[in-house]
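Here the structure is laid out as structure tokens; the discussion comes afterwards.
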Protein chains: 2
Amino acid sequence: MNATLPDTDSPSRARILAGARREFADRGFEGARLSDIAGQAGLSHPTLLYHFTSKAELYGAVIASAVVDWTRETEAAVSGALHGFDQVASIIDAGFAFFASHPDFARILRREALDGGHRLDDAIAGALRPFLERAVAFLEREMEAGRLRRHDPLELMAICYGAVFTYFSDAGFRARLLGEDPLSEVALSRHRHALTELLGAALRPA
Amino acid sequence: MNATLPDTDSPSRARILAGARREFADRGFEGARLSDIAGQAGLSHPTLLYHFTSKAELYGAVIASAVVDWTRETEAAVSGALHGFDQVASIIDAGFAFFASHPDFARILRREALDGGHRLDDAIAGALRPFLERAVAFLEREMEAGRLRRHDPLELMAICYGAVFTYFSDAGFRARLLGEDPLSEVALSRHRHALTELLGAALRPA
DNA sequence: ATACCTCTACTGACTTGTCAGTAGAGGTGC
DNA sequence: GCACCTCTACTGACAAGTCAGTAGAGGTAT
């Protein structure tokens, strides 16, 4: 897409990306305003369009940078040599850690999931589907070997995805409902602990 | 909100509401176009604004009608005289049934949750918080009585909320990822069954 | 003849993207 | 040590289009 490519990571570009992540998370693709994003970076909106040729390209850059982080940060957890429930807990931990350090991205991703995910085709093919397939294969193997109790592996992943993902994407809602900050360290580890306990009770062999 | 109320349910009004539900679910509040909604009802957009004085009022009416349905349809499940895990399964079933019959509302609700839920304050105070409090109180009582294994009741609700809610709000994403319709009867009961089994394995006393 | 419902035509606000031009840093020849 | 050029980063002004909401007139049933 970028034919003549001098900069790639100027300070302005980085500030624009940071503001864009916030605005796209807060207001969605349609709701975000280029002039607001530019303003947060201390620039006028034409300058933003000097660095990114269109709103869509800027959005794509935000997604891409998060997908890079996701792949890097989950790699360790997935390729670990653990077995049975320890490996499950490790993946849950990795998911929590990733979203806790990328809370805005959780909301961007949810908006995409709501829209059917058509803008995520590359990310799905490149990162999400492989991740899911490895996880399901792992679960099947471990259940077969008797190191995990039998459950539907794919649906188990869907349940974990829903629980972890929702905690972060709906953090504002939870805050309003319960009057506490879900991204605080205590709230976060309370939820992670509860999920891990629940899964452990259901998955650990008797 | 509706002080001087002549019509309340003309045929046009009902058709507008149905179209609005679809459009708000598909594109969000900002993305939805009044002229598209009106067009689906066979009307021009100023005619829509004759029935609903603003886009925001129309949106509020969509939310309100769904909250009415929610309260009615979950009432039976929550006030049932069941005990232990049977009651838990009954609430899960009710949640599935509600969202399966209101798939568009699931996505509208998720968009609201993403935005922090500030437009849902009435619904939270009137329906959601009471529902949650009754559920948590029930879980505590049953755990105390030994009819359910001990888990964190609030987090347990959050996990169920996340799993059920995500299944419906992200149905389009799941369809893209797996290539099957998540709202089909088989897919739906597969997921509900998996969730019920998982919860049962974790919650039923040994 | 009046209440209700609908339309066409229009406005004002706003948004993305374009364009011409400015400021300043840095290299080069002399 | 200076005239000249080029490049990046940036801006204000504007073009083009979209959208919610308004005004006012017409049709229809009672």
Side-chain angles (χ1 to χ4, degrees), chain A residues 1-64 108 111-112 115 118-119, chain B residues 1-64 108 111-112 115 118-119:
Chain A
M1 300 288 159
N2 214 339
T4 60
L5 55 163
D7 49 1
T8 307
D9 48 22
S10 69
S12 290
R13 231 184 113 96
R15 287 203 315 279
I16 291 169
L17 275 171
R21 195 159 41 237
R22 264 194 305 276
E23 288 298 307
F24 284 136
D26 282 355
R27 312 195 201 286
F29 182 79
E30 304 249 14
R33 303 301 169 211
L34 292 187
S35 48
D36 291 347
I37 296 171
Q40 287 185 29
L43 299 170
S44 64
H45 95 268
T47 304
L48 184 156
L49 288 166
Y50 166 79
H51 290 283
F52 300 89
T53 59
S54 71
K55 190 180 187 182
E57 196 208 289
L58 171 60
Y59 189 74
V62 169
I63 300 271
I108 292 174
R111 292 186 194 276
E112 285 306 316
D115 292 347
H118 52 88
R119 263 184 286 225
Chain B
M1 299 289 161
N2 213 337
T4 58
L5 54 164
D7 48 1
T8 308
D9 47 23
S10 69
S12 290
R13 230 184 114 93
R15 286 203 315 279
I16 291 168
L17 275 171
R21 196 158 40 236
R22 264 194 304 277
E23 289 298 307
F24 284 135
D26 281 356
R27 313 193 200 288
F29 181 79
E30 303 249 15
R33 304 301 170 211
L34 291 187
S35 48
D36 291 347
I37 296 171
Q40 287 183 29
L43 299 170
S44 65
H45 95 266
T47 303
L48 184 158
L49 287 167
Y50 167 80
H51 291 281
F52 299 89
T53 58
S54 72
K55 190 182 187 181
E57 194 207 292
L58 171 59
Y59 189 74
V62 168
I63 301 270
I108 291 173
R111 293 185 193 277
E112 285 307 316
D115 292 346
H118 52 88
R119 263 185 285 225

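In the text below, chain A, chain B and the rest are named by the order of the sequence lines, each starting its count at 1.
As a whole-Å value, the separation of A/Leu48 CG from C/dT16 P is 10 Å. Residue B/Ile16 contributes atom CD1, which lies 11 Å from atom P of C/dC5 at whole-angstrom precision. Between the CZ atom of A/Phe24 and the C1' atom of C/dT16 there is a distance of 12 Å, rounded to whole Å. Atoms CG (A/Leu43) and C1' (D/dG12) sit 15 Å apart, rounded to a whole Å. Per the geometry, CD belonging to A/Glu57 stands 15 Å off P belonging to C/dT16, to the nearest Å.
Contact between the side-chain N/O atoms of B/His51 and the OP1/OP2 oxygens of C/dT6 is found at a separation under 4.0 Å. For the OP1/OP2 pair of C/dC5 and a distance below 4.0 Å, the side-chain nitrogens and oxygens of B/Thr47 include no atom meeting the criterion. Taking only side-chain nitrogens and oxygens, A/Ser44 comes nearer than 4.0 Å to OP1 or OP2 of D/dT11. Here B/Ser10 does not reach the OP1 or OP2 of C/dC5: none of its side-chain N or O atoms lies under 4.0 Å away. Remark: B/Tyr50 is in phosphate contact with C/dC5, judged by side-chain N or O atoms under 4.0 Å from OP1 or OP2.
Looking at heavy atoms from C-beta onward, B/Ser12 lies out of side-chain contact with B/Thr47 at the 4.5 angstrom threshold. Within the 4.5 Å cutoff, the side chain of A/Glu112 has heavy atoms near those of the A/Tyr59 side chain. At least one side-chain heavy atom of B/Leu34 sits under 4.5 Å from a side-chain heavy atom of B/Leu48. For the pair B/Ile108 and B/Phe29, the minimum side-chain heavy-atom distance is 4.5 Å or more.
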Where do A/Arg119 and A/Asp115 land on the salt bridge (Lys or Arg N to Asp or Glu O under 4.0 Å) test, with the steps shown first? CA-CA 9 Å; A/Arg119 263 184 286 225; A/Asp115 292 347; 3.8 Å; yes
Would A/Arg33 and B/Glu30 count as a salt bridge (Lys or Arg N to Asp or Glu O under 4.0 Å) here? Give the steps. CA-CA 12 Å; A/Arg33 303 301 169 211; B/Glu30 303 249 15; 3.6 Å; yes
Within the sub-3.5 Å range, which N or O atoms of nucleotides 23-27 of chain D have a protein N or O partner, and how far apart are they?
none

Could you go through nucleotides 16-20 of chain D and list every protein N or O atom that sits under 3.5 Å from one of its N or O atoms, giving the distance for each pair?
residue	atom	partner	partner atom	Å
D/dC19	OP1	B/Arg33	NE	2.6
D/dA20	OP1	B/Ala32	O	3.2
D/dA20	OP1	B/Leu34	N	3.4
D/dA20	OP1	B/Lys55	NZ	3.1
D/dA20	OP2	B/Leu34	N	3.2

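Heavy atoms only, all atoms of each residue included: B/Ile37 and B/Ala32 are closest at CD1-CB, 4.5 Å. For the pair A/Arg111 and A/Asp26, the tightest heavy-atom approach, listed with the atom from each and the gap, is NH2-O, 3.0 Å.
Residue pairs satisfying the salt bridge (Lys or Arg N to Asp or Glu O under 4.0 Å) criterion with at least one member in residues 39-51 of chain A, sequence neighbours excluded, are absent.
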